[in-house]
Undergrad: 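Before I ask anything, let me first share the structure, which is written out below as structure tokens.
In the text below, chain A, chain B and the rest are named by the order of the sequence lines, each starting its count at 1.
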Amino acid sequence: MDFHKLEKKWQNRWEKEKIFEVKKSKKEKYYVLEMFPYPSGSGLHMGHAFNYTIGDILARFKRMQGFNVIHPMGYDSFGLPAENAAIKNKSHPKKFTEDAIKNYISQQKELGLSYDWSRMVTTSSPEYYKWDQWIFLKLFEKGLAYKKTSPVNWCSECNTVLANEQVQNGHCWRHENCKIKIKKLNQWFFKTTEYADELYDGLEKLEKWPNSIKKLQKNWIGRSFGSEINFEINNKTWPIFTTRPDTLFGVTFLVVSAQHNELDSLVTDEQKKKVEKFVKKLSSVSAEDIDKLEKEGVFTGSYAIHPLTKEKIPVYAGNFVLADYGCGMVMAVPAHDQRDFEFAKKYDIPIKTVVSQIGKESKLDKAFTNPGVLINSGKFNKLDSENAKTEITKELISKKLGKKTKNFRLRDWLISRQRFWGTPIPIIYCEDCGTVPVSEKDLPIKLPDNIKFKGSDNPLKENKEFLEVKCPKCGKVGKRETDTMDTFVNSSWYYLRYSDPDNAKKIFDKSKANYWAPVDTYIGGNEHACMHLIYIRFFTKFLRDLGLLEFDEPVVRLFNQGMLHGEDGDKMSKSKGNVVLPESVSKEYGIDTARLFLISIASPDKDIDWDTKGIEGSSKFLNKVFEKISNIKLGKTDARLASKINKTIKEVSEDIESFRYNLAVIKLRSLFDSIEEISKKDLESALKLLSPFCPHIAEELWSKIGGNGFISLSKWPKFDESKINEKFDKEDELIDKLVNDINNIAAIVGAKKNVFVYVLPQEKQTYLDNVEILKVRTGISDITIYAVNDKDKKDPENKSKKVKPGRPGIHFE
RNA sequence: GCAGGUGUGCCGGAGUGGUCAAACGGGAUGGACUCAAAAUCCAUUAGCUUAGUGCUUACGCAGGUUCGAGUCCUGUCACCUGCACCA
């Protein structure tokens with residue numbers, strides 16, 4: 001059967017009749033979303049198909065269950081690859097992107113996905129990115145978008161700063177040979193840390209998220225409680241964060257980050273040269289090597305005053321202190337921190353033990369980092385670490401020398417990109433007024449069509465038409481910001497735009513957004529655990545606080561699908577030559593076959609390998625089903641089949657709901673295997689069960705048996721508990737057992753002749769009903785069933801005496 | 001270093017305290033059908049044993065909890081992933 005041809009037919013009909021387009025209504029909604037793709041030049045591969053199929057099955061199931069299902073698709077179409085392609089081909093990235101999207105759409109349509117295409121969004125269109133800019137202005141207004149100078153990741157091949165996730169093992173994700181440099185630049189940030197607590201605590205409420213993702217996010221946000229302690233340096237107060245205030249008396253030096261913005265103010269004239277040399281040396285070190293560096297530092301020449309002992313403590317600049325965590329400076333307690341210990345050894349700084357396991361001092365060959373009992377700590381001696389933390393902090397608070405505080409590992413989100421193909425940041429720099437936001441009515445700030453790429457530099461910098469602008473405040477000549485936004489900004493709220501994609505006046509209609517959103521089930525890979533899935537939560541909370549949303553979390557249930565590998569078990573990639581394209585599989589077997597195969601290998605959250613032999617298996621099954629149902633004899637469903645159908649409806653419904661697609665397929669296989677004569681209604685039910693998985697074949701068979709309308713829009717079958725009878729399963733077991741026994745004995749006897757089976761009278765009918773099956777499965781043509789009380793039975797060995805329930809006697813002749 | 005995950009027959013994988021663990025698929029072997037092949041159907045696929053449903057072994061390894069463990073706990077090994085000088 002040419003499934004491919006048949007699939008085209010149904011895809012066209014679905015599209016023509018717009019059956020997957022939905023509107024807000026009184027019906028209960030259900031929002032199924034798969035993470036939208038970046039439309040790359042190479043198109044979709046089977047891994048994408050896997051992702052979308054998982055969502056499509058759920059969407060089709062929910063739709064048939066009667067929910068008003070929104071299942072949209074769009075394109076995350078800003079980004080570097082399009083720009084690089086444009087540079088190479090001397091064209092505009094828009095052209096490249098539009099072509100890629102066209103290709104994606106046609107490929108996705110071939111997968112038979114039940115999207116509402118009328119809701120498509122494309123993030124690189126001005127109608128969309130206008131609202132990125134609008135959100136930026138709102139963030140700016142609330143002080144949550146700001147510019148600061150800090151050390152950032154820089155790729156010299158891409159010529160831009162990068163997000164942390166675009167740095168892999170210290171190298172750029174696109175340029176394996178390009179080591180990431182740490183540069184100090186003035187950049188735009190979104191203040192994600194403003195919501196750090198809520199982002200952290202909110203995870204508890206996300207019951208339908210995988211624990212692994214929640215843990216990743218918790219680690220990423222990394223909340224730690226501690227104290228901030230004020231040290232005085234050159235008559236200025238420097239707060240320092242620590243989680244170990246109990247070791248305060250062991251502080252023998254301070255270390256300030258070599259990248260600290262105010263480092264200069266600490267450096268004395270005679271140390272200036274040494275410090276400068278040190279900082280310079282460090283700036284040439286790549287991100288990859290930075291963690292391999294030995295702990296090094298240089299004395300700044302300044303001394304701090306210990307808040308409690310009033311001792312003089314030297315201040316060093318060090319390479320192991322982060323500028324953007326805590327206060328960018330640490331109090332070093334070499335006796336109780338391994339890094340500080342190494343540093344102290346190297347520079348011959350005293351090591352003072354203040355915590356001890358047994359309450360006595362002992363020699364250390366490495367730092368003692370466990371909690372213990374305080375010594376050498378004045379009036380705090382003999383307290384254990386836990387109490388000491390509280391008491392010392394109390395003392396500091398009372399003397400106004402510190403406070404209790406918490407710190408996050410989460411950094412504010414660096415969103416500037418020194419590239420062209422992204423959302424322009426709506427900011428104007430005016431000589432008189434400084435940094436001025438564009439006014440809302442001037443949005444969108446469009447990317448110019450007329451551009452010239454010079455090498456890999458951002459062409460906006462040369463584009464007068466774009467660059468030169470009047471200051472909205474004073475009207476004088478100003479200059480536009482030429483950096484664009486990280487593409488993750490676009491993807492942080494796209495799920496809301498689907499609810500009202502064509503709204504030209506507002507980001508979205510409030511009532512529409514709050515009807516459709518939040519997303520009920522969101523499907524995608526776990527590589528987004530700490531980036532996209534944090535940003536989308538951040539944006540949701542911000543938009544809520546603007547009064548636009550009535551919920552706190554964007555995604556109710558998150559599902560992480562596994563990764564599809566090539567047949568060799570490696571990640572699918574062009575260079576490895578193991579990429580499988582949906583088109584080619586579709587042509588050979590039909591896309592329904594591929595869909596079925598992808599989800600029957602394993603639970604969809606597991607990584608799987610493509611397998612040519614495996615798809616043959618799915619193909620065999622579907623061909624069998626197609627043949628069988630095409631030539632089916634409609635009639636009556638017997639009780640055995642009715643039991644099976646009802647049981648399957650029950651179980652498959654549960655399996656789909658909980659993403660046990662692989663188990664659902666097993667049950668469907670078994671169901672279709674046992675269909676012979678069946679009523680029209682029951683056959684319709686069986687096809688409905690198949691339809692979310694293999695929608696085209698199901699539509700075709702549906703129309704063949706005279707089903708009403710589209711099966712895709714039909715009502716999901718209900719099961720009748722009273723028709724489920726476990727008796728039939730038990731009977732099957734009896735037959736299995738008997739077949740086994742007969743085969744077993746036959747093998748020992750070495751001959752297959754007449755077989756006499758002796759069973760209990762009440763079991764006789766069951767065996768008689770299945771005698772033909774017995775014959776086929778044992779390969780023995782003469783099988784006679786006797787009840788033990790049959791008078792004229794042939795039983796030379798008196799086997800019938802040993803017969804027990806479910807345990808027939810067997811005699812071979 | 002920190003955090004998380006995984007480890008089950010020839011292979012992919014079901015199975016998370018209890019009817020004899022291995023569903024289902026794939027592969028292999030044998031058989032039926034066929035002149036033959038493909039397709040289809042049936043059987044076998046840890047070991048021993050027996051004219052039968054019995055025994056042994058077995059869920060990475062070692063312990064433990066339990067009447068009972070693949071499943072829970074502790075330790076350990078291997079592999080994978082993420083973060084990584086976070087004070």
Side-chain angles (χ1 to χ4, degrees), chain A residues 164-165 168-170 210-220 222-224 226-227 240-245 247 254-255 257 287 290-295 318-322 324-333 336-340 342-343 407-411 526-527 529-530 563 569 596-597 600-603 606-609 611-618 620-621 623-624 627 660 662-670 733 736-752 773 775-779 781 797 799 802 804 806-812:
Chain A
N164 287 341
E165 72 103 32
Q168 293 172 351
N169 295 324
N211 279 327
S212 59
I213 297 285
K214 287 196 274 185
K215 283 233 165 85
L216 281 172
Q217 285 209 2
K218 271 195 175 176
N219 290 342
W220 186 268
R223 183 165 65 187
S224 51
S227 305
I240 285 179
F241 177 73
T242 180
T243 54
R244 291 291 305 271
T247 63
L254 300 186
V255 188
S257 168
I290 212 153
D291 55 335
K292 292 180 194 141
L293 283 181
E294 203 180 322
K295 280 145 202 55
N319 63 359
F320 65 98
V321 178
L322 302 171
D324 54 357
Y325 181 78
C327 311
M329 191 181 316
V330 298
M331 57 176 232
V333 187
H336 306 293
D337 182 287
Q338 189 55 29
R339 291 157 306 187
D340 301 346
E342 285 168 30
F343 195 90
N407 237 300
F408 295 92
R409 219 191 63 112
L410 181 80
R411 305 298 146 81
N526 70 351
E527 65 271 19
C530 293
M563 195 171 351
L596 187 74
F597 168 67
S600 51
I601 308 170
S603 168
K606 296 230 163 131
D607 290 353
I608 53 172
D609 297 344
D611 180 16
T612 332
K613 292 252 171 64
I615 190 140
E616 296 272 2
S618 297
K620 257 193 256 180
F621 168 68
N623 274 297
K624 223 163 61 184
E627 278 305 304
R660 293 188 303 250
N662 53 329
L663 301 183
V665 170
I666 290 168
K667 286 155 197 165
L668 285 173
R669 277 177 181 265
S670 162
E733 270 174 46
D736 276 350
K737 226 178 211 174
L738 182 57
V739 167
N740 250 318
D741 289 344
I742 293 175
N743 282 334
N744 201 354
I745 302 165
I748 294 162
V749 177
K752 295 186 171 188
I773 292 171
K775 284 177 185 172
V776 172
R777 289 180 59 182
T778 56
S781 50
E797 288 180 298
K799 289 276 180 189
K802 289 187 183 170
K804 287 178 188 168
R807 227 183 115 175
I810 301 164
H811 170 70
F812 269 73

Undergrad: Starting at OH of A/Tyr325 and ending at C1' of B/C85, how long is that distance when rounded to a whole Å?
TA: 12 Å
Undergrad: Between the side chain of A/Asn319 and the main-chain N/O of A/Glu294, is any donor-acceptor distance below 3.5 Å?
TA: yes
Undergrad: Scan every strand shown for a Watson-Crick or G-U wobble partner of B/A78, both distances under 3.5 Å, and answer none if you come up empty.
TA: B/U6
Undergrad: Work out how far the P atom of B/C24 is from that of B/A14, and round it to whole angstrom.
TA: 15 Å
Undergrad: Under 4.0 angstrom, heavy atoms only, what part of the nucleic acid is A/Ser670 near: base, sugar-phosphate, or nothing?
TA: nothing
Undergrad: Taking B/A58 as the reference, what is the distance to B/U45 when you measure between their C1' atoms (whole Å, please)?
TA: 16 Å
Undergrad: Using modelled atom types and a 3.5 Å cut-off, is there a donor and acceptor pairing between side-chain atoms of A/Ser603 and backbone atoms of A/Arg660?
TA: no
Undergrad: Going by purine N1 to pyrimidine N3 plus the second Watson-Crick contact, or the G-U wobble pair, all under 3.5 Å, which nucleotide sits opposite B/C48?
TA: B/G54
Undergrad: Write down the distance between CE (A/Met563) and C1' (B/G82), rounded to a whole number of angstrom.
TA: 12 Å
Undergrad: Look through every strand shown and name the nucleotide pairing with B/U40 as Watson-Crick or G-U wobble, where both distances are under 3.5 Å.
TA: B/A32
Undergrad: Using the P atom in both, what is the distance from B/U71 to B/G64, to the nearest Å?
TA: 14 Å
Undergrad: Counting only side-chain heavy atoms from C-beta out, which of B/U40, B/G27, B/A87 sits nearest to A/Lys624?
TA: B/U40
Undergrad: Would you classify A/Lys218 as touching base, sugar-phosphate or nothing, given that sugar-phosphate means primed atoms plus P, OP1 and OP2, and contacts are heavy atoms under 4.0 Å?
TA: nothing
Undergrad: What string of B, S and - do you get for nucleotides 2-22 of chain B, 5' to 3', when a contact is any protein heavy atom under 4.0 Å?
TA: -SS-------SSSS-------
Undergrad: Expressed as a whole number of angstroms, how long is the span from A/Gln338:CD to B/C85:P?
TA: 16 Å
Undergrad: If you check every side-chain atom of A/Leu322, which of B/U40, B/A87, B/A84 has the closest atom?
TA: B/A87
Undergrad: Pick the nucleotide of RNA chain B nearest each of A/Gly617 and A/Leu410; which residue has the one closer to the 5' end?
TA: A/Gly617
Undergrad: For B/G26, does the O4'-C1'-N9-C4 or O4'-C1'-N1-C2 angle fall within 90° of 0, making it syn, or is it anti?
TA: anti
Undergrad: Taking atom P in both B/U6 and B/U56, what distance in whole Å separates the two?
TA: 32 Å
Undergrad: Describe the nucleic acid contact of A/Val321 in one word from base, sugar-phosphate, nothing, applying a heavy-atom distance below 4.0 Å.
TA: base
Undergrad: Output the rounded distance in Å from CH2 (A/Trp220) to P (B/C83).
TA: 6 Å
Undergrad: Work out how far the C1' atom of B/G17 is from that of B/A43, and round it to whole angstrom.
TA: 35 Å
Undergrad: Send over the distance from A/Arg223 CZ to B/A87 C1', rounded to a whole Å.
TA: 18 Å
Undergrad: Is A/Gly809 touching bases, backbone alone, or none of the nucleic acid, heavy atoms closer than 4.0 Å?
TA: base
Undergrad: Taking the nucleotide of RNA chain B with the closest heavy atom to each, which residue, A/Arg669 or A/Val330, is nearer the 5' end?
TA: A/Arg669
Undergrad: Roughly how far, to the nearest 0.5 Å, is the CG atom of A/Asn211 from the CG atom of A/Leu216?
TA: 11.0 Å
Undergrad: Using both distances under 3.5 Å as the test, list the Watson-Crick or G-U wobble partner of B/A69, or none.
TA: none
Undergrad: Using purine N1 to pyrimidine N3 plus N6-O4 or O6-N4 for Watson-Crick, or N1-O2 and O6-N3 for G-U wobble, both under 3.5 Å, which nucleotide pairs with B/G1?
TA: B/C83
Undergrad: Which atoms form the tightest heavy-atom contact between A/Asp340 and A/Phe320, and what is the distance?
TA: OD1-CE1, 3.9 Å
Undergrad: Could you measure between the two P atoms, the one in B/A37 and the one in B/A28, and give it in whole Å?
TA: 16 Å
Undergrad: Given atom CG of A/Leu668 and atom P of B/A23, what is their separation to the nearest angstrom?
TA: 19 Å
Undergrad: Give me the distance, rounded to whole Å, that separates B/G60 from B/C10 when you measure between the P atoms they each carry.
TA: 14 Å
Undergrad: CG of A/Leu254 versus C1' of B/A87: gap in Å, rounded?
TA: 12 Å
Undergrad: Pairing check on B/U16: which nucleotide meets the Watson-Crick or G-U wobble criteria with it, both distances under 3.5 Å?
TA: none
Undergrad: Assign A/Pro210 to base, sugar-phosphate, or nothing according to its heavy-atom contacts below 4.0 angstrom with the strands shown.
TA: nothing
Undergrad: Roughly how many Å apart are B/G30 and B/C73, using the C1' atom of each and rounding to a whole number?
TA: 47 Å
Undergrad: What is the distance from CG of A/Leu596 to C1' of B/C24, rounded to the nearest Å?
TA: 12 Å
Undergrad: Short question: side chain of A/Asp607, backbone of A/Met563 - any donor-acceptor pair under 3.5 Å?
TA: yes
